[in-house]
*Asks:* 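One structure coming up, written as structure tokens, with questions to follow.
From a predicted model like this one, the values you see are computed outputs, not experimental measurements.
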Amino acid sequence: MYSLHKTPIGIYEKALPNAFTWKEKMLAAKEAGFDFIEISVDESDERLARLDWDRETIREMRDLMDETGITFPSMCLSAHRRFPFGSKNPETRKKAYEVMEKGILLARALGVGCIQLATYDVYYEESDEETKALFLQGMKDSVKMAAKAGVILAMEIMDTAFVGTILRSTHYLREIPSPYFKIYPDMGNLTRFSADPESEFELGLPEIAAIHVKETKPGVFKCVPFGTGTVRFADLFRKLHEIGYAGRFMVEMWADTTRTYTMEEAVAEIRTAREFVLQKMAEGGYTLE
């Protein structure tokens, strides 16, 4: 049963083998001790198809959540890397709006309260003042849609310099003052782009919807095993505890796509990561139960 007296810790869907059924993913997350899964809608055709799930599929997903106790409080909507709001191609921008609208509707249907946005003006094109202006307008329009659905849009503090720090996100927060527009910091990304991530967390505290716990090292933003990078997890948790952050943490990691996992192997891998994170949280002062 979900408890309001413990810090909720979730796992990224991509940490679980893609070959697993949804029930297997949920059961693996539960067995490893996680409270929730962050569902992914990325730029692949396979995951983009989720935006068109019919009522029966959504009902089946809701039933699985009830059965397993593992829910989707957040969605990683990274499809805008392929279809960015800042694109100079009007057809690409049209697709960006379509993805956003469908993503919000899917979130509402699944009970997702927060959509984490990939904060790129463009990714596969050159960035300039025009792409930045188009991105800002896209965010303004998206927040209006999200507000009508009661869904929070949260900009991830990203793996590029564009919005690689909380400080850089404040421009957009000032331009779009809304309770439905927040930020979703990533410990790993923030470590790479800020010399003082503790101060960044203090600056952004009122706007934080949730936090990614991810390992990185210079020049490498993905698939760095916990404990092998340079993120000062205990120090960052200590600062967050000091300033009173009591929200969700989401462990971001990736399953090895080149191997086939058994259920036991998948559970063991994410459980090890959870235990690492719990140790660092305890060192930072968090009471875990």
Side-chain angles (χ1 to χ4, degrees), residues 12 38 74 76-78 80-81 84-86 114-123 125-129 131-140 142-143 152-224 226 229-245 247-253 277 280-281 284:
Y12 188 35
E38 182 165 276
S74 56
C76 177
L77 182 60
S78 56
H80 286 113
R81 187 165 72 167
F85 285 105
C114 175
I115 295 176
Q116 174 221 301
L117 300 175
T119 317
Y120 306 114
D121 57 339
V122 289
Y123 190 81
E125 305 172 38
E126 289 295 321
S127 175
D128 58 25
E129 292 308 308
T131 64
K132 293 174 184 176
L134 289 168
F135 171 78
L136 176 58
Q137 186 59 54
M139 290 297 95
K140 290 179 177 179
S142 296
V143 172
I152 292 172
L153 301 184
M155 296 184 294
E156 184 182 7
I157 304 306
M158 294 303 298
D159 56 357
T160 64
F162 179 60
V163 182
T165 67
I166 292 173
L167 180 61
R168 292 173 190 168
S169 75
T170 58
H171 166 68
Y172 297 98
L173 294 169
R174 286 194 300 268
E175 289 288 326
I176 313 172
S178 169
Y180 295 97
F181 193 52
K182 297 295 180 182
I183 58 174
Y184 200 137
D186 181 304
M187 287 184 173
N189 295 343
L190 196 57
T191 295
R192 301 275 62 85
F193 289 107
S194 174
D196 188 1
E198 286 92 337
S199 293
E200 294 270 344
F201 279 129
E202 192 162 12
L203 170 68
L205 178 64
E207 309 299 336
I208 294 175
I211 293 175
H212 275 170
V213 183
K214 184 182 75 177
E215 184 70 279
T216 59
K217 57 186 179 182
V220 186
F221 291 88
K222 290 185 176 182
C223 301
V224 180
F226 283 103
T230 61
V231 178
R232 296 181 289 104
F233 290 109
D235 293 336
L236 298 183
F237 282 122
R238 187 173 298 112
K239 183 62 177 182
L240 288 165
H241 184 261
E242 175 189 312
I243 62 179
Y245 177 77
R248 294 193 303 269
F249 290 104
M250 202 284 292
V251 175
E252 186 172 26
M253 56 185 288
V277 171
K280 298 303 180 183
M281 291 177 71

*Asks:* Treating K214 as the side-chain partner and F221 as the backbone partner, does any N or O pair qualify as donor plus acceptor under 3.5 Å?
*Replies:* yes
*Asks:* Does a salt bridge link R232 with E198, judged by any charged N lying under 4.0 Å from a carboxylate O?
*Replies:* yes
*Asks:* Less than 6.0 Å separating the ring centroids of H80 and Y120?
*Replies:* no
*Asks:* According to side chain to side chain contact (heavy atoms under 4.5 Å, CB included), who are the partners of L205, at least two apart in sequence or on a separate chain?
*Replies:* I243, Y245
*Asks:* With F249 as reference, evaluate F233, F237, Y184 under the ring-ring contact (aromatic ring centres under 6.0 Å, His included) test and give the passing residue.
*Replies:* F237
*Asks:* Sub-3.5 Å donor-acceptor pair from the side chain of T119 to the main-chain atoms of E156, do we have one?
*Replies:* yes
*Asks:* Measure from the side-chain N and O atoms of S142 to the backbone N and O of G138, and report whether any donor-acceptor pair falls under 3.5 Å.
*Replies:* yes
*Asks:* Test of understanding: with salt bridge (charged side-chain N to carboxylate O under 4.0 Å, His left out), list the residues that count as partners of K239, not counting sequence neighbours.
*Replies:* E202, E242
*Asks:* Short question: side chain of N189, backbone of I157 - any donor-acceptor pair under 3.5 Å?
*Replies:* yes
*Asks:* Given 3.5 Å as the limit, does a donor-acceptor pair link the side chain of E215 with the main chain of V224, or not?
*Replies:* no
*Asks:* Centroid-to-centroid, Y123 to F162, below 6.0 Å?
*Replies:* no
*Asks:* Are Y172 and F135 an aromatic pair, judged by ring center distance below 6.0 Å?
*Replies:* yes
*Asks:* Among all residues two or more places apart in sequence or in another chain, which pass the ring pair (Phe, Tyr, Trp, His ring centres under 6.0 Å) test with H241?
*Replies:* Y286
*Asks:* Please report the interatomic distance CZ(R248) to CD1(I208), rounded to the nearest 0.5 Å.
*Replies:* 12.5 Å
